Amino acid sequence: MTLILPASPPATAKPLVLVVDDVPANVHVLATALRADYRIKVALDGATALEIANREGDQPDLILLDVMMPTMSGHDVLRRLREVDDTADIPVAFVTADTSQGGQVAGLKLGAFDYLTKPVDIPVLRTRVHNLIEQRRLQRQLRESELKLHAMLDSSMQFIGLLDTTGHVLHLNRQVHELLAQPLKSMLGLHFCELPLWTQPRQRTAVREAVERAAAGLASRFETRHTRPDGSTLVLDFSMRPILGEHGGVAFLLPEASDVTQQRAAEESIRHMANNDPLTGLPNRTLLADRVNQAVRAAERSKEPLALMFVDLDRFKYINDTLGHGVGDKLLKETARRLEASVRQSDTVARVGGDEFVVMLPETTVSGAIVVAEKVLANIGQACLIDQHELMVTPSIGIAMYPVDGRDFGALSKCADVAMYRAKHDGRNGYRFYTQEMHERSSRLLRMETLLRQAAARGELHLHYQPQIDLGSGRCVGVEALLRWNNPELGAISPAEFIPLAEETGLISQLGQWVLRHAVQQARRWLDDGVPFGVMAVNVSTIQLRQKDFMQTVADSLREAGLPSDRLELEMTESAAFGNAEAAVKLLDELHRSGVRISIDDFGTGYSSLSYLKRIHIDKLKIDRSFVRDLGQDSEGEDEAMVEAIIHMARSLKVTVIAEGVETLEQLESLRLRRCHEVQGYFFSRPLPPGELEAWLLRQAPGG
Ligand SMILES: Nc1nc2c(ncn2[C@@H]2O[C@@H]3COP(=O)(O)O[C@H]4[C@@H](O)[C@H](n5cnc6c(=O)[nH]c(N)nc65)O[C@@H]4COP(=O)(O)O[C@H]3[C@H]2O)c(=O)[nH]1
């Protein structure tokens, strides 16, 4: 910034005195008296005097002005000088023969600095001129320092003002006039709280208080929000301080403000990022926890209940995997929108995980929560069109109530989560309230998990084997290894209970390896002992199959036991075999080439595509128990049709077909009639410990 100061003569140059008088003799006297110490210019009339006074760059430091002049009197000259900014400050002393009091007063009123009477006393003239010039120098200095100060204030990025102790404006820097788009002059003298910056009564009150505090010697600081003419927001960090004078009292008040709009916006965006889910913009778990805990505190006071609702989209992963993340993301955004549309503004909808949303309903009873849950089910259940895909998704909802189920976010969310899993387990697309029974069940599962981790090491695991019978020959062609767990504390636990738990917790890999190794070793022993067991069928879960070293684990188990690979059959569910299509094709192909047989368990319950079936090598299809249950009864229902279709398809694909869960002669006959290859079930034998199975096999063998 350049600082422009009024032009002043070089410090070394002598001050300039303009002598104005229409009588040349008078001019001569004055000029002669002063010439030694000053530069002198003369004018014999008012017009010339004004012209010299206005000359830029060399203005007089003092004008000695005769009062009585023809055409333009000294008073007129002075009046004209004072009217123009550039000459208004030049000191003027009248030199006159008029010694009357009235004449002197009139001149002084016009702004004359001094009055000299003719005839002039030379020493007095010199002293007065010296004093007036010195005064002019000091005045200039003062003006310069004032300009420097203003220039400094104007160059600041801050909004700065100076007020008198009653709060009236003495100065405002350039930032302020630019912000308010008003010239400084129009605001000088106003009370600070009358500036157009303060648009709200609340702000004016705060400013008035700040003025009063500052006048009493105290500083104030607060933040204010304003709307700029273009509609954007301005946030000011405002302060008001007292400035003390020489004698220690408050002399001025200094209001200052800095523009913190960007800083506040950045802080806000950081806060938003820390508290919100970037995809949907909904509160994340951190913010939700905070809101729930706050709502709980409010509920404690108001004695109102509160509901926490976990909402999980059924089969979202499937959509995400098959249609891609782009579609998945849009679906999540749409879900967020629909959830928000299902609740009141005072409720909170948050996203806490992939497809997991949480809704907090303050001041809501069980019946209120039911209304919301049904609304959520209806809204989310509506078809939604995303990138030309018409998607139908349903939610599973778990609800926990404050205060019965918990008194903070941690406890309530655990309960709502458990209830949500129950809703899923019970067939999805529904809601469940958390109950004590769920609590017991989840504690049991927790305990079971701990014990299951130690089960193998403590020798609590065993394998039972169930024979598989060829209907043509009536002979045992295979045995299925089924895991058993006997724990001293929990007793005998069904695999239907602990296998899903092991899958959920990842323990299944360890258990699966244990089963594979032991089953393969048992097969080897039976082979050595000449026990005619056929093929050893081992169940493998999806999670095991997804493990990179699965193929290696199978190969190692076979090699360690020395079992020919065609004596091992791996049973996997449809979803395990077909879930992750390309990787599954590759693995099944590798297994097939190694000689291991592959059987698809629970066939008919999934969504296998037939074209896909043709691409992979399968040795056996197992018809699910649920289709076998009603076979052989008089009615020819859907199950018969299904069984018939599976058998037909298996035969045309040249794959062996086996039915499980055969309990009755009727079921057996029905399967035989439909030309099912093999059967397995209680009708022949329950799964048996190895010793008992050996005895069973030997009894069945020809001549046994
Ligand atoms: N009602 C009836 N049931 C019959 C009949 N015949 C056999 N079963 C039962 O049906 C289940 C057959 O196994 P799954 O379908 O593979 O179903 C198995 C399998 O999915 C899983 N499982 C068992 N052992 C293992 C294992 O070692 N690894 C893995 N991954 N899963 C296993 O646990 C499930 C349940 O196993 P189990 O309780 O042993 O139950 C076994 C067996 O005892 C019958 O005639 N009627």
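If you're wondering where the values come from, they're calculated on a predicted model, not measured in any experiment. Values below: all heavy atoms of this structure, side chains included; hydrogens, waters and symmetry mates excluded. In this chain, numbering begins with 1 at the start of the sequence shown. Order of listing sets the numbers, starting from 1, for every ligand and every atom in it.
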- Side chains of Arg567 and Leu527: does their closest heavy-atom pair fall under 4.5 Å? yes
Once you restrict both partners to nitrogen or oxygen, which atoms of ligand 1 have a protein partner under 3.5 Å, and how far apart are they?
| unit_1 | atom_1 | unit_2 | atom_2 | d |
| --- | --- | --- | --- | --- |
| ligand 1 | 1 (N) | Glu663 | OE2 | 3.0 |
| ligand 1 | 3 (N) | Tyr682 | OH | 3.4 |
| ligand 1 | 6 (N) | Gln466 | NE2 | 2.8 |
| ligand 1 | 10 (O) | Arg625 | NH1 | 2.5 |
| ligand 1 | 15 (O) | Glu660 | OE1 | 3.3 |
| ligand 1 | 16 (O) | Glu480 | OE2 | 3.2 |
| ligand 1 | 16 (O) | Asn539 | OD1 | 3.2 |
| ligand 1 | 16 (O) | Asp601 | OD2 | 3.1 |
| ligand 1 | 24 (N) | Leu483 | N | 3.1 |
| ligand 1 | 39 (O) | Arg484 | NH1 | 2.9 |
| ligand 1 | 39 (O) | Arg484 | NH2 | 2.9 |
| ligand 1 | 45 (O) | Tyr682 | N | 2.8 |
| ligand 1 | 46 (N) | Glu663 | OE2 | 2.5 |

- Would you check if Gln522 and Leu463 make a side-chain contact, meaning some heavy-atom pair closer than 4.5 Å? no
- Query: What pairs with His677 under side chain to side chain donor-acceptor pair (under 3.5 Å), at least two apart in sequence or on another chain?
  - Reply: Arg651
- Count the heavy atoms of every other residue, nucleotide or ligand shown that sit under 6.0 Å from NE2 of His462, and state whether that count exceeds 12. yes
- Report the distance from atom CE of Met401 to atom CE of Met309, rounding to the nearest 0.5 Å. 9.0 Å
- Item | Gap between atom CG of Leu412 and atom CD1 of Ile399 - 0.5 Å precision | 12.5 Å
